[in-house]
Amino acid sequence: MTSNELRKKYLEFFKTKGHTVIPSASLVPENDPTVLFTTAGMHPLVPFLLGEKHPGGNKVTSCQKCIRTGDIDEVGDATHLTFFEMLGNWSFGDYFKDRAIEMSLEFLTSKEWLGLDKNLLAVSVFEGDNDAPFDTEAFEKWKSLGISEERIARLPKKNNWWGPAGETGPCGPDTEMFYWTGDPKDVPESFHDDHPLWVEIWNDVFMQYNKKLKTGDQKLKTDEYEFAPLAQKNVDTGMGLERVVSILNKCDVYQIDTFKPLIDEIEKLSGKKYQDYTKEFRIIADHIKASTFMIADGVMPSNTGQGYVLRRLIRRAVRYGKLIEMTEKFVAEISVKVIDTSGDAYSELKKNKNIILEEIGKEEEKFTAALDKGLKEFSKLTHIDGVIAFDLYQSYGFPIELTEELSQERGFIIDIHEFQEEFKKHQELSRASSAGVFKGGLADHSEISTKYHTATHLLLAALREILSPDIYQKGSNITAERMRFDFNYPQKLTTEQITQIEDLVNKKIQEDIPVEIITMPKTEALQFVKVSFDQSKYGDMVKVYKIGDFSIELCGGPHVEHTNQIGTFHIVKEEAVSAGIRRIRATVV
Ligand code: SER
C-alpha cells in the first residue's frame, strides 16, 4: 500500500462515519507563539478542542504535516522522522471512548479497510493514579471487542496520558494500539510495551479533564493542581502515516514510497550503498525532506526560530553527505525527489519548487565552503569549550548542535551550559530547543494573542486602503510580545505612509466595531473575500470574520469581540523580507 492509498483510505473511512475531511494546516502555526512547528494533527484544532465551533461540524478528520525536532538525535534509527504525516480523527463533544475505539478497531481490522490481523494487535490503557482513575471504560470496551486481557497493558501517565503542553489546560488518558511486526507464528500471548517487535501504530486520546490550579491557590506546585472534568469531552487521535505504510509493506520506513526515491538518489549520487551507510543515508533523506516541506511553508534559513532549525537540518545533511564522500552539490537534487514524490498530495511543494531549490542550494553552498576549513580546525583541537564553540559558529557557521555532535564523536567532555552561556553572551542565537518551544500540544490562546490576531485583520485592511487594494497577506506570526505581518509591495514605505496606516488602525480600534463571525460554504465566501494563498488550505465550510465594512477575512480565529479591546496599535519596524515582500512588526499596548 502506498502513502497516497493509506491517506485516502483513512479519510474515506472517517467520511463514511460522518466526519468532515479538512486540509492540512501549515507546518508553521499561524497564531500560536508557544511552539515553532505544528507537532500533531490536533495542534491547529486547539480552539475547537476548547469549545469553539468548527465550521466543519463536531466530527472532523485530516492528514496533517508535522515536524518534531525533539528527537533529532534519534533520526537515523529505523523509526524516528523529523517530518511526518499524521492521520487523525476528532470529536468535539460528539462521540467519546466507545465509538472512538470501535471505529479504530474497524479501520485496522476490517477486510474492507486495512485488514490487519486482530490476533496481532495489543493495546494499552491508563492505569490510574492520584489525579485520575484507571480507565475502566477503555479497558472494558477493548475486552468487549475481543481483545484479551493479556493484550491490554495498564500503564502510567508517562505512557498513557496526553497534554496539557503547558502547565494547565485540557488533557486526558489515551489508549494506544500496537501491532506485532515479527513472525505471526511467534506472537506472544501477552503484551509488553517494551518489546521492540510490538510497534505503536495509533493513539486515541480522550480529553476529559482540565488541569488547573486548585481554586484559591496561587503558587505553581504540582500538588496544588486539580484535574476537573471538562464540560466538552473530546477525542483526538493520531496515526503516523509513514510508520503504518512501512508496517503494511513489511519494510523499513526509509523504503516506503515517499522515501525510496530519495535513498535511490543518494545511492546514485554517492556511489555508496544504503545497507553500508544506513544511518548517514537516513539522516540525509530525513533532513532534506523536512527542509523541503519547511521552505514550501515559507520558512527561510536564518539564525533564529524556525529558520534556525531549517538551517541546522540543511547543514547537518551537508555534513553527513560529506561523511559518505559526496563531493558535488547534492541537496537540491534530493529535494527534487521529495517534490516529485509528495507534490501531488501537497501542491505547495510544486508551487514553490523554484524557491525551495534556490534556498536549499544557497544554504548548501554557504556552508560547504566553510565546512572543510572548520572541520580542519576542529581536528586540531585537543579540547572544547564555550569560546571555541562560539568561534566555530561565527567563523565556519557550525550550529552549536554540530559542534556538540563532533565533540561527542571525538570523546571531548562538553559542558552544554557553558556553550549556551557563551552564545547567550553574544545574543546571536536563540537556541529554540532550550527555550522549551518544542513541546507539542495544546497552545495558549491567551488574551494577548487574540488581540494581535484582530489587529492583523485591521492592519491588512488599512494597508489596502492606504497603499493599494491589491495587497495580500504573505505571512503572519504572533507572539505574546509583537505581531509580524508580511505583504506584497514593491518599495519601502514612507514615514508618512506608516503614520497613516497606524492612525487608520487606531481609528478603527476607537470606533469600537463589533467583530462578527459568519460560517458559510467556501465557494460563497470566496465571492467577496480576497485571498491570494492556496484556497485548498480551507475546508468546504469556512468562517468569515467581519469588522464592520472595514475588514472581511477568512480565518480560524480567535478574535476579540469588539475592536477597542485591542489597545493602541504601534508599528515598530518596516523592512524588506525578499523582492517585492515587505514586513511590518507592530505591538499593541
Ligand atoms: N495528540 C496525540 C498525538 O500526537 C493524538 O493525536 O499522539
Side-chain angles (χ1 to χ4, degrees), residues 6-7 10-11 13-14 19 21-22 24-25 27 29 32 34-50 54 58-71 74 79-97 99-101 103-105 107-108 123-126 135 138 155-166 169-179 193 199-211 230 232-244 247 437-444:
L6 175 62
R7 194 185 307 108
Y10 187 98
L11 299 176
F13 174 79
F14 283 99
H19 292 61
V21 179
I22 57 169
S24 173
L27 280 173
D32 180 359
T34 62
V35 283
L36 286 179
F37 294 103
T38 301
T39 55
M42 53 82 73
H43 193 174
L45 298 171
V46 170
F48 313 106
L49 294 167
L50 291 169
H54 193 287
N58 52 13
K59 296 193 285 293
V60 303
T61 181
S62 75
C63 181
Q64 174 64 47
K65 299 179 279 188
C66 301
I67 293 266
R68 287 191 185 175
T69 49
D71 327 304
E74 316 243 8
T79 55
H80 283 91
L81 296 175
T82 307
F83 169 91
F84 63 99
E85 298 175 54
M86 191 188 278
L87 295 159
N89 55 286
W90 288 270
S91 155
F92 308 123
D94 191 86
Y95 59 83
F96 202 46
K97 294 181 188 178
R99 192 81 192 106
I101 291 175
M103 288 191 290
S104 290
L105 189 66
F107 181 69
L108 291 175
V123 302
S124 61
V125 299
F126 178 56
D135 194 349
L155 301 175
K157 261 222 188 74
K158 180 165 77 64
N159 309 77
N160 279 70
W161 191 272
W162 222 85
C171 55
D174 66 30
T175 182
E176 297 182 4
M177 289 149 260
F178 295 77
Y179 196 67
D193 71 305
V199 177
E200 189 206 325
I201 51 174
W202 203 351
N203 179 15
D204 289 359
V205 181
F206 307 121
M207 287 190 186
Q208 59 183 121
Y209 299 103
N210 186 13
K211 182 181 175 194
L230 272 176
Q232 174 182 305
K233 293 190 178 25
N234 304 304
V235 175
D236 152 32
T237 92
M239 174 192 272
L241 177 109
E242 291 84 351
R243 185 182 289 184
V244 173
I247 288 173
V437 279
F438 287 127
K439 282 186 257 158
L442 295 171
D444 171 20

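Model, not experiment: these values are computed from the prediction. For ligands, and for the atoms within them, numbers begin at 1 and follow the listed sequence.
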_Basic-acidic side-chain contact under 4.0 Å: E85, R7_ = yes
*In terms of side-chain heavy atoms, does S91 have a donor or acceptor partner in N234 at a distance below 3.5 Å?*
no
_Contact check: M42 vs ligand 1, nitrogen or oxygen atoms, below 3.5 angstrom_ = no
*Using a distance-only test with no angle check, is there a side-chain donor-acceptor pair under 3.5 angstrom linking W202 and T237?*
yes
*Residue portion contacting ligand 1 (non-hydrogen atoms closer than 4.0 Å) for T237*: backbone
*Modelled atom types, side-chain donor and acceptor of D193 and S124, under 3.5 Å*: no
*Please determine, by modelled atom types, if D236 and W90 share a side-chain donor-acceptor pair under 3.5 angstrom.*
yes
*Which atoms of ligand 1 have any heavy atom of A40 under 4.0 Å away?*
4 (O)
_Which residue and atom name correspond to the protein heavy atom nearest atom 7 (O) of ligand 1, and how close is it?_
N203 ND2, 3.1 Å
*In terms of residue, atom name and distance, what is the protein heavy atom nearest to atom 5 (C) of ligand 1?*
D236 OD1, 3.3 Å
*Would a line drawn from the ring center of H19 to the ring center of Y10 be shorter than 6.0 Å?*
no
*Quick one: does R68 get a heavy atom under 4.0 Å from ligand 1?*
yes
*Enumerate the atoms of ligand 1 whose separation from the nearest heavy atom of V205 is less than 4.0 angstrom.*
2 (C), 5 (C)
